[in-house]
Novice: 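Got a structure for you, written out below as structure tokens; questions coming shortly.
The sequence lines fix the lettering, A, B, ..., with proteins before strands; numbering per chain opens at 1.
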Amino acid sequence: MMKRLILCGVFLVIGGLFIFLLIREDAQTPLQRTFAPLFEQLGKTTKTADRMLSRVLPLSDIDEKTLGDTFKSRFRRGPQSDKPSPYTPYLNSLVRELTENSQKPFTYEVFVLGTKHPNAFALPGGVILFTTGFLEILTSEAQVVSILGHEVGHIERGHCFDSVRFQLLGKKFGGKTLGWIADHLLQSLTRSTFSKTQESEADDYGYQSLLAHKYCPREMSEAFVNLKNSLRNQSYRNDVNPFRDYFLSHPPLELRIENFRERANRWRERNPDEPAYVGTKNLQEKKPRSKAFYPEENILE
Amino acid sequence: MELLGLIVIIVLISSLIGGLRALFLPGNSKVEDLRRDLDFFKNRLKRLEDKFFAGVVDEDEKEPAAPEPPDLEPYRETSKVVTESEPAPVEKPVSEEIPIEEPETEEVLSAETPEPATPPKLPKIPKRVPVSAQFKASPAKVSSKPAEIPVFTPAADDSWGKLQKRILENWTGILGAIVLVIGVGYFGLYVSTKMGPQFRFAGILSLAAVLGGTNFWLKRQDRWREFGAWLQAVAGAITLFACFGASRIDALRFISDPTTGLTVLSLGIGLNIFFAYIVRAQAIASLHVLLSLLTLMFAQPFTTEILLLGTVVTITGIGLSYRVRWDVHLLFCLIAFLIFHTIWILSDPVLDLSIFLTGIACIMAVLITAGLVHYRKEYESTEFELLPFSVHLFNWGAFGANLLWYNQHSKLIDYILASNLIVAILAVGAIVATILARYARNRGNRWLYVTDTLVSQTLAITAICCLGRFGLEYIHMAVLVNLELLIFNVIMNLERERAPLRFGYFAQWLAIGAVLFIGVKGNALLNLVVQAAPYRTDTLISTMGIEQLPVVFWFCLVAAVIFIYTHFAQIKNFVTDDVRFVAYDWEIEHKESVSLLSWGVLLLLFVSYLLLCNLPYATAIFALILFAFFLYRRAYGTIAWTTGIWVVWTFFHVLVWYKMYALPNTEVLRIAAFAVPLFILNIALFGRRHLYSDLLQMSFHRLVLYVLAAHLALSTYLFTARISDFVPGLLYLLYSVGALELSRLIKGRKTEAAVIKDQNIFLHDYILHCGYFFLVLFLSRHFTVHLQSELALAVFPSLSIRALIEIFALGVFSYWLVYAPQVVTSKGSSVNIFLTPLILEAILGFLAFTVVVELETIWHPVIWSVLSIILISQTTRFRWPGRLLHYSWLFNLASVIQLAFVTSTYATPATAWYMQAMIIGPVTIAIQLIYVALAYRYKYFETKIQFPSGLGIFRGLHRNLVCRRINFAIFYPVILGIAVFLFWRFDRSLLTLLWVMEIFAVFSLGTYVKEKHFVNLALCALAFCLGRLFIYDLAETTFGIRALVFMAVGALMMGINAIYLKYKDRIGH
């Protein structure tokens, strides 16, 4: 009896203390309510099942590389090759650094699309597409690296491969169209369940890339802030809609901003003396850090 | 033109005559038909009776005893055939009349019946075949003797016969009269070209005289009497036409002085009225009166004298109804006069005071004369009679409508005077109607009493509704109507008059609706709801406040008065205003009555609150009133009060919650003004035993408790979410602990038997429900709010707030796990019995979810493996529920899958060792192998495990797979998982070496757990690896790798050999 009451009292005291601290620090969440994180977590299960399917198919990275080479040759012949973007060498230089120790056995290559809409894509076989609109809203090399890292994450963690596996299988065994149909069918049925999970994994990969290459981790959050400002999308803070949250392809930007800001803060708490590179000038001059290191960009803040 | 007008008038008159005859005669004809039918059947019955009692056939039977109606010809034909052929058997004289289907009539009956004494002249029909049986008989049988047995189609013949009869009896006369009048018209036309107006006038009068004179001759003979009456009517009409034309039709006009013309017209009218008086037929009398009024309608200009003359004619006509009960005539007179009066109104008379009063006087004179008819002795009846009732009601309606017209068109006289006058007249009318009603009741005329009572109420309500001219607003008038009706209902109850009371109650409901409608200004109530949306809060505040007080005062006044009435109605045993009483006249017991008045009281009060809810104390006051009603319900509660109070209680909550939610979070005091009274009300209600309703057979304790919990949850959210989004979830956790403790406390204070006696048997169970409710609220809050944030407290920077909450929640769940089962009993709530055992699963699920959320994916298989080890090793030791062993298997399986398919290809740019799959993977493998060792060594899965209800799938999985095929459930997944991991994670050149290492581990494990199967499998796999070594590695790998692999594999094989030699006894070799 006494033990129970003491335990109950302990709960009440800890709970009260906890509440006191929360009130004192005015702890608020980015959105008032959202189902997106829950769907993201639940998507891990279906994503695992999806991966199992990829693992049991008689396919390897070499098959993916072959497909990637096809893409690359197509993009090299494309309209953008007539007037090469000044960003292309810069981005390729960055991506080479990022993928020095990658698991996939192919060379990454970045292509710049002359589109104003800010966006970036990853394709199987190490192909990354970046729009000029996106490059224009980013303000530092660290932000570019975070986005590149995100796209590399999609490829390295097999998201791109998973989306074309039946097509590859069909190509290998003579049924390309059938494979294409199978991929699209499966994607349309299951993608909503784990697309946020994939994006979250890619975000995580991008963030780890920043840390691994000594870039400022806070810049990832800033990249999302810039993206949000350019999109001018409305805040969903006071709005709850499970259906919308389920069909969202990406986690809400508000959450991504806050999450990576907090993770960066936590990293800084643990590493107060470790400088991190921002690279504003590098982006302006389109010179990667490996070629033009500016000490003033290596900051402790 | 005059001639044309003349012809039109003649045709019109003729048509009118014909129409009236057509209207009246069919009814007479029908009566006559029925009378003849009745006579016929009486005669038949008499003859049959005679036959029955005499036992012999009367000779007279062979001849018709009485003249039969023409439309009974078919019957007569049948009867003739029967009676002439053979007398009916005495044994069954009457029943044979009933139709019987006899398909073989002729043969069968001829065999049974004796031969007749004299040879029949007509074919034998030994048995009476009823008409319907003849219809049903086959055509062949009937048509076999077409000459003797007439085949007829009675339906067609009957219709045709009736049509013939109607044409002959009525329409020939009508058409004849029309043709005659047309002929007169042509005669007049002819004469008009030859003679002067005086002679024309005289000629027409002569014709009328001839017709009238013919009537005097014809009426002496019975068969021509009716025709003569019609000739007299035509003579009257022609005379009237001549008198009218003498001053108003050019072709006949010879009188230029209006007064003389009017006098001549009056004489014509007088003659017609005289004819109406002397004639005994209602239709003809009506015709004379109607023609007189019709003539006056065309007499231009429509002066006051004409109005007076028309009034006299109508009153005289109505007077005829005093002599004999002529309801249709009365109705026609009234309608005709109203048309006449309307035409007078349309002629736009100059309404000075004298004419105004004359008009009112005429209306009143006619309508009072008509109204008083029904108070005569002839109309005394306790039964309801539709026609007199309709006429009486029409009379009163016409009275009200015409007075209303005078009221509306009284602009030329003093407005106030007219208003006073009309209200006074209505009021006096109501009083007069009441007096008349009582007079009728004293004379035993029930329907008239009811009619006049209803009329008096209608007039009284109308009078109140006209009080707006004295500055009263609609709401005031509606309140007055309510009070008037209430008084009326009291009187009717005291006098036990049910019919007017039904009306009174119905009117009272409408009046309450009117008060509500007027009070909230029609659609304003809807606006209130719409404006209650959060973004319209300012508008809402501006519309629901102090300015509504006057309306609310009237609402409360009406509610109070009606409440007093319903209270005393119950005490005095008045008839309750149950819907079934009003609709079907069923008297319902008070306890079982569904009183709309009771609901009306509550509705009025609730709407009052709705209008004032923005005032600071409004919620508190209404909560107090509602509580008082709960107390009242206990003492005097009917089902209406019970249901009404609970409905209002529900809506009160909905409204308050909505208002609380709609207000901005910063408005703490205003939210509190809503939240606190509701909280106190429910606390007070919870402590009351009278919440138990005998009528509804249920206890509301449970409902109140749940609502209390919901209110607490909402209030918590509204008060604390603005401070921090994390606080409500934490408080819900603490509330759940509080509910659990409260449940324990209540359960501990009473013995179970005592609790049952007090009807609170499940009180602690209900509180436990609330505890679960708070846990669910926490989970929903956690999944939708906490989960999104990575925010950390400054004092714990390394852990997010979310993680801290998860740890705290796990602690609370564990507290529930330990202490909740002691509260739940086998006699308790099934919800608790079902849910409480599942707390364990909830904890494990939440723990797994927390791991997934908080830790990197690479760590998941390690954690699952560690959890599986903990569960399998500690369950037996600490006597935890046996199903945890099963969950350990599930965790291990999850670890295997994660290792094989996620960790094996996991890519990360991180450089830290604890993020590398190369390190995490082997660690996981080691733990998995330990798990296998423990599972086989201690044989945890050989005993069956109990699962709570709802987990049947786990039970089946455990019994059918884990217990029976442990190798497939545990061993093979682990081994294959490791192999797949090695395959995907490492370079192919090292794969043989790695797999042999795995085989070595398996072999060692088999030796340790004494499983021969492991050893056998290891040896088989070793053979495969040796094959791969020589086929693949020898060809594909470099020298260095090849050397390394061969050396290592050789060493491992030697190790296997050494182990085998040392422990072969353990594996039974």
Novice: Less than 4.5 Å to any heavy atom of chain B: does that hold for the side chain of N259(A), its backbone, both, or neither?
Specialist: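 When you check distances to chain B, atoms from both the backbone and side chain of N259(A) fall under 4.5 Å.
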
Novice: Inspect the contact between R261(A) and E790(B) and indicate whether a charged nitrogen and a carboxylate oxygen are less than 4.0 angstrom apart.
Specialist: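 Looking at E790(B) and R261(A), the cut-off is not met.
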
Novice: What part of Y819(B) lies closer than 4.5 angstrom to a heavy atom of chain A: side chain, backbone, both or neither?
Specialist: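 The answer is the side chain of Y819(B).
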
Novice: Just do the side chain to side chain contact (heavy atoms under 4.5 Å, CB included) check on R157(A) and T908(B) with the steps written out, would you?
Specialist: CA-CA 8 Å; R157(A) 294 201 168 169; T908(B) 177; 4.1 Å; yes

Novice: Apply side chain to side chain contact (heavy atoms under 4.5 Å, CB included) to the pair T784(B) and L38(A), showing each step before the final yes or no.
Specialist: CA-CA 7 Å; T784(B) 58; L38(A) 179 64; 5.9 Å; no

Novice: Which atoms of S800(B) come close to chain A, meaning under 4.5 Å heavy atom to heavy atom: side chain ones, backbone ones, both, or neither?
Specialist: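 Answer is both: backbone and side chain atoms of S800(B) are under 4.5 Å from chain A.
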
Novice: If I measure from the heavy atoms of chain A, does F983(B) come under 4.5 Å with its side chain, its backbone, both, or neither?
Specialist: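 Neither part.
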
Novice: With a 4.5 angstrom heavy-atom cut-off, could you sort out which part of R802(B) is near chain A: side chain, backbone, both or neither?
Specialist: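 Contact with chain A: none, neither part.
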
Novice: Specify which of E100(A), K44(A), K47(A) makes the most heavy-atom pairs with chain B at under 4.5 Å.
Specialist: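 Highest number of pairs under 4.5 Å: K44(A).
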
Novice: What part of L12(A) is in contact with chain B, defined as an atom under 4.5 angstrom from a non-hydrogen atom: side chain, backbone, both or neither?
Specialist: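 When you check distances to chain B, atoms from both the backbone and side chain of L12(A) fall under 4.5 Å.
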
Novice: Which region of V812(B), side chain (C-beta onward) or backbone (N, CA, C, O), has a non-hydrogen atom less than 4.5 Å from a non-hydrogen atom of chain A, or is it both or neither?
Specialist: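 For V812(B), backbone and side chain are both near chain A.
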
Novice: So for E25(A), is it side chain, backbone, both, or neither that comes closer than 4.5 Å to the heavy atoms of chain B?
Specialist: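 Contact with chain B: side chain only.
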
Novice: Just do the side chain to side chain contact (heavy atoms under 4.5 Å, CB included) check on R722(B) and Q28(A) with the steps written out, would you?
Specialist: CA-CA 9 Å; R722(B) 69 183 187 85; Q28(A) 299 289 0; over 6 Å; no

Novice: Could you go through the side chain to side chain contact (heavy atoms under 4.5 Å, CB included) check for R33(A) and Q788(B) one step at a time?
Specialist: CA-CA 9 Å; R33(A) 282 178 298 273; Q788(B) 59 180 290; 5.7 Å; no

Novice: With chain B, which of D204(A), L255(A), L22(A) has the greatest number of heavy-atom pairs at distances under 4.5 Å?
Specialist: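 Max contact count across the listed options: L22(A).
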
Novice: Please state whether the side chain, the backbone, both or neither of I805(B) comes within less than 4.5 Å of a heavy atom of chain A.
Specialist: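 Both backbone and side chain.
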
Novice: In terms of heavy-atom proximity below 4.5 Å to chain B, should L210(A) be classed as side chain, backbone, both, or neither?
Specialist: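 Neither part.
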
Novice: Taking the six-membered ring for Trp, are F11(A) and F808(B) ring centroids under 6.0 Å apart?
Specialist: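 Ring centroids of F11(A) and F808(B) are less than 6.0 Å from each other.
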
Novice: Before we go on, tell me: are the rings of F783(B) and F35(A) under 6.0 Å apart, centre to centre?
Specialist: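 That pair fails the under 6.0 Å test.
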
Novice: Can you say whether L740(B) sits under 4.5 Å from chain A via the side chain, the backbone, both, or neither, judging by heavy atoms?
Specialist: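 Neither part, no heavy atoms under 4.5 Å.
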
